[in-house]
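A, B, ... follow the sequence lines: proteins, then strands. Residue 1 opens every chain.
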Number of protein chains: 2
Amino acid sequence: MEHEWNANQPIYRQLRGRIVEMILDHVLEEGDPLPSVRNVAAEYRVNPLTVLKAYQQLADDNIVEKRRGLGMFVNAGARQLLFEAERQRFLAEEWPAISVTIERLGLTPADLLAASRSKEQ
Amino acid sequence: MEHEWNANQPIYRQLRGRIVEMILDHVLEEGDPLPSVRNVAAEYRVNPLTVLKAYQQLADDNIVEKRRGLGMFVNAGARQLLFEAERQRFLAEEWPAISVTIERLGLTPADLLAASRSKEQ
DNA sequence: TGTAGTGTTATAGCTATATAGAACACGACA
DNA sequence: TGTCGTGTTCTATATAGCTATAACACTACA
C-alpha cells in the first residue's frame, strides 16, 4: 500500500479505496484480517480515528466484519460484491466524464497506452 | 453549465473545471468575459467568495485577467496553455489510475463505449 | 452627478476532516 | 490472573471549505 496521500480526497476515502483495491487484486482474500487500526495508523502516520472511519464505511457496506478484541475480517462474497459495485459506479459516475475529457484533449489510444506503460516502469 | 455540485471535490474546484471546459470547448473564446462573480453565485446558489476562489486560481494560472469594474476576461493563448497543461496533467495524474481500474474491473472497449453512448441520450 | 454593472474585502458562523492523547471493553493465550 | 493484541469511545484543538451579509473601489454610461 502506498504511503502517500494526495490532497484531492479526504484521507479516509483514499484509505477505503486502497482496501477495496487490495480485495479486488487478491492481496486480501475473503476471511483475511485487515491490517489493524493501530498498525495502519502508525505505518501511514494518520490518526486511528481516520483509519476507523475508512474501516467503518467498509463495515457499513458489508465488505468487512468487525470483531472486537479480534480484528476486522473480509466478508465472504465481499469481492464479488465490490467487483459489481465498483464496476457500476465506475461506468456510471466516472467513465462518462473521463471519456469526454479524452475526446476534448484529443488523446489517441497510442497516447493512453504510452502513458500507461511509462508509469509501469 | 451544469447546476449541480458533487461531494467528491470542493465546489470551487469543480467550478474551475467547468470554466476550463468552456474554454477548451470554445464556449468561451479568448477575449470573452467570464460570467460575473455575482451572476454565477446567484445562478448556481453558491457564495460569491467560492466563485471568486475558483476565478482567482484561473487568474493565478494566467488563464484569465481580472479588470476591476469591468469583469474577467479570457487571456490570449489561454486555450493552448490549458490544452497542453490539461493534457499533461491528465496523462500523468489521472490516466494511470484509471487504466489500472479499467483492467482491475475487467472492462472491455465495448463496455466503455456502451457506457459513453448511454450517457449521451 | 447618479446609476448600474463589475471586482474586492471584511466579519462572522457552521460543518467536515484530521489531529493528539488517553482510557475502556473484548478475546486469546500463557 | 496477567499480558498483549484487537476494536471502541471520549475530549479537545486546528484547519479547510462554505455559507451569509455588507460595504468598499472601480468603470462605463446617461
Side-chain angles (χ1 to χ4, degrees), chain A residues 1-19 22-23 28-75 78, chain B residues 1-19 22-23 28-75 78:
Chain A
M1 200 155 38
E2 273 188 42
H3 283 61
E4 292 195 17
W5 310 110
N6 64 53
N8 299 328
Q9 275 194 328
I11 291 176
Y12 74 89
R13 215 183 276 164
Q14 294 176 61
L15 181 52
R16 180 189 180 283
R18 291 189 193 173
I19 301 298
M22 286 172 77
I23 294 172
L28 281 173
E29 302 287 357
E30 296 177 3
D32 278 2
L34 265 61
S36 79
V37 169
R38 283 186 182 78
N39 275 353
V40 172
E43 191 168 347
Y44 303 104
R45 316 271 188 130
V46 295
N47 192 271
L49 292 178
T50 302
V51 180
L52 193 54
K53 186 163 180 172
Y55 280 19
Q56 183 57 53
Q57 291 194 347
L58 291 164
D60 291 344
D61 294 340
N62 286 317
I63 302 304
V64 304
E65 176 192 1
K66 310 158 143 202
R67 295 181 197 158
R68 184 176 181 146
L70 289 168
M72 297 198 199
F73 298 84
V74 183
N75 276 333
Chain B
M1 200 155 37
E2 273 187 43
H3 284 60
E4 292 194 19
W5 309 111
N6 65 53
N8 299 329
Q9 275 196 326
I11 292 176
Y12 74 89
R13 214 182 277 164
Q14 295 176 60
L15 181 53
R16 181 190 180 280
R18 292 187 192 175
I19 301 297
M22 286 172 78
I23 294 173
L28 281 172
E29 301 287 0
E30 294 177 3
D32 277 3
L34 266 58
S36 78
V37 170
R38 284 188 182 76
N39 273 356
V40 173
E43 189 167 350
Y44 302 105
R45 314 258 188 144
V46 296
N47 193 268
L49 293 177
T50 302
V51 181
L52 193 55
K53 187 163 181 173
Y55 280 19
Q56 183 58 51
Q57 291 194 346
L58 290 165
D60 290 345
D61 294 338
N62 286 319
I63 302 305
V64 304
E65 177 191 359
K66 306 159 141 203
R67 296 183 197 158
R68 184 176 180 146
L70 288 168
M72 297 198 198
F73 297 84
V74 183
N75 276 333

Legend entry - A:T50 OG1 to A:R13 CZ distance, which is reported to the nearest 0.5 Å: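 It is 13.5 Å, given to the nearest 0.5 Å.
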Legend entry - Pairwise distance CE(A:M22) to CD1(A:I19) - rounded to 0.5 angstrom: 5.5 Å
Legend entry - Within-4.5 Å side-chain heavy-atom neighbours: B:V37 and B:M72: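 Sidechains of B:M72 and B:V37: in contact.
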Name the closest nucleotide to the [X] side chain, picking from [options].
| X | options | value |
| --- | --- | --- |
| A:L49 | D:dG17, D:dT21, D:dC10 | D:dC10 |
| A:P10 | D:dG17, C:dG7, C:dT17 | C:dT17 |
| A:R68 | D:dC18, C:dC26, C:dT6 | C:dC26 |
| A:V46 | C:dT19, C:dT8, C:dT6 | C:dT19 |
| A:Y12 | C:dA18, D:dT8, D:dT19 | C:dA18 |

Legend entry - Pair A:Q57-A:D61, side-chain donor/acceptor within less than 3.5 Å: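 No.
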Legend entry - Check: B:Q9 side chain, A:N8 main-chain N or O, donor-acceptor pair, under 3.5 Å: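 Looks like no, no N/O pair under 3.5 Å.
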Separation of atom [atom1] in [X] from atom [atom2] in [N], rounded to whole Å:
| X | N | atom1 | atom2 | value |
| --- | --- | --- | --- | --- |
| A:N47 | D:dT9 | CG | P | 15 Å |
| A:Q14 | C:dT17 | CD | P | 13 Å |
| A:R45 | C:dA20 | CZ | P | 10 Å |
| B:K66 | D:dT27 | NZ | C1' | 16 Å |
| B:K53 | D:dT19 | NZ | P | 11 Å |
| A:N39 | D:dT6 | CG | C1' | 10 Å |
| B:F73 | C:dG7 | CZ | P | 9 Å |
| B:N8 | C:dT17 | CG | C1' | 15 Å |

Inset, instruction - Under 4.0 Å between any heavy atoms, over every strand shown, what does B:S36 touch: base, sugar-phosphate, or nothing? Just pick one. - result: sugar-phosphate
Inset, instruction - Report which part of the nucleic acid B:I11 touches: base, sugar-phosphate, or nothing (heavy-atom distance under 4.0 Å, all strands). - result: sugar-phosphate
Legend entry - Any A:T50 side-chain N or O less than 4.0 Å from OP1/OP2 of C:dT19: yes
Legend entry - Which residue lies more 5' along DNA chain C, comparing A:R38 with A:L70 via nearest heavy atoms: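 The residue closer to the strand's 5' end, by nearest nucleotide, is A:R38.
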